[in-house]
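The structure under discussion appears below in the form of structure tokens.
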Amino acid sequence: MTEPDCLFCRIVSGDVPADVVYESDEAIAFRDINPQAPTHVLVIPRKHIATINDLEDGDAGLVGSLYLAAKAIAAAEGIADAGYRAVMNCNEGAGQSVFHIHLHVLGGRALSWPPG
Ligand code: AMP
């Protein structure tokens, strides 16, 4: 399922270019256009899901695949041992600006907690 007006669906389809670093049957990952850390990769499902609130029971495996992708990306980027963050924002109040779920994989610098 894709949404023609969705930026990340257009990256999945190849209509919009991206610096892709990982691909699987269920997910792709690409570098954030406005990186907030030396490594800042977005992992997204190929399937259009607008927010965490739109997940269904059948999406459990798909969400798991996003975290397995994050693990592989962290290893490939050399940030796995030092530490990294894999976080998903839900709705405007949490900072979500693109309504196709995506896991931010951030690392390569010290990350404070709690986030702002
Ligand atoms: P969020 O604010 O959690 O929805 O995250 C959306 C992220 O998408 C932001 O970090 C943006 O910098 C990033 N972004 C927006 N457009 C693009 C694009 N064309 N390619 C890569 N990253 C993008």
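Note that the structure is a prediction, hence the values are computed from the model and not measured. As the structure lists them, so they are numbered: ligands from 1, and atoms in each ligand from 1.
Checked by atom type and distance alone, the side chain of Gln96 pairs as donor or acceptor with a backbone atom of Ala50 at under 3.5 Å.
Taking every non-hydrogen atom of Leu42 and a distance limit under 4.0 Å, the qualifying atoms of ligand 1 come out as 7 (C), 8 (O), 13 (C), 22 (N). Annotation for ligand 1: atoms under 4.0 Å from non-hydrogen atoms of Phe8 are 8 (O). Atoms of ligand 1 lying under 4.0 Å from any heavy atom of Asn34, numbered from 1 in the order shown and given with element: 12 (O). Counting atoms of ligand 1 from 1 in the listed order, those under 4.0 Å from a heavy atom of Asn89 are 3 (O).
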Legend entry - Trace of the ring-ring contact (aromatic ring centres under 6.0 Å, His included) decision for His102 with His100: CA-CA 6 Å; His102 46 281; His100 179 133; 7.9 Å; no
Inset, instruction - Give the intermediate values and the outcome of side chain to side chain contact (heavy atoms under 4.5 Å, CB included) for residues Asn91 and Asn53. - result: CA-CA 9 Å; Asn91 278 337; Asn53 292 337; 3.4 Å; yes
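With a heavy-atom cut-off of 4.0 Å, Phe99 does not touch ligand 1 at all. In His102, the part holding a heavy atom less than 4.0 Å from any atom of ligand 1 is the side chain. Both the backbone and the side chain of Ile33 come within contact range of ligand 1, each with a heavy atom under 4.0 Å. Of the heavy atoms in Arg31, only backbone atoms (N, CA, C, O) come closer than 4.0 Å to ligand 1.
Contact annotation: Gly95 has at least one heavy atom less than 4.0 Å from an atom of ligand 1. Using a non-hydrogen distance threshold of 4.0 Å, His104 registers as a contact of ligand 1.
Atom 4 (O) of ligand 1 has as its closest protein heavy atom Ser97 N, 2.7 Å. The closest protein non-hydrogen atom to atom 16 (N) of ligand 1 is Leu7 CD2, 3.4 Å. Among protein heavy atoms, the minimum distance from atom 13 (C) of ligand 1 is reached at Asp32 OD2, 3.3 Å.
Taking the six-membered ring for Trp and thresholds of 30 and 60 degrees, Phe30 and Phe8 have ring planes more than 60 degrees apart, a perpendicular arrangement.
Ile11 and Val105 are members of different hydrophobic clusters when ILVMFWY side chains are connected at heavy-atom separations under 4.5 Å. Clustering ILVMFWY residues whenever any of their side-chain heavy atoms sit less than 4.5 angstrom apart, transitively, puts Ile101 in a cluster other than the one holding Ile28.
Counting only heavy atoms from C-beta outward, the side chains of Tyr22 and Ser24 approach each other to under 4.5 Å. Looking at Val41 and Leu106, their side chains never come closer than 4.5 Å, going by heavy atoms from C-beta outward. The shortest side-chain heavy-atom distance between His48 and Val12 does not fall under the 4.5 Å cut-off.
The two residues His40 and Asn34 make their nearest non-hydrogen contact at ND1-O, 4.0 Å.
In terms of polar-atom proximity, defined here as any N/O pair under 3.5 Å, His40 makes no such contact with ligand 1. Where the criterion is an N or O separation shorter than 3.5 Å, residue side chain and backbone included, Val98 meets it with respect to ligand 1.
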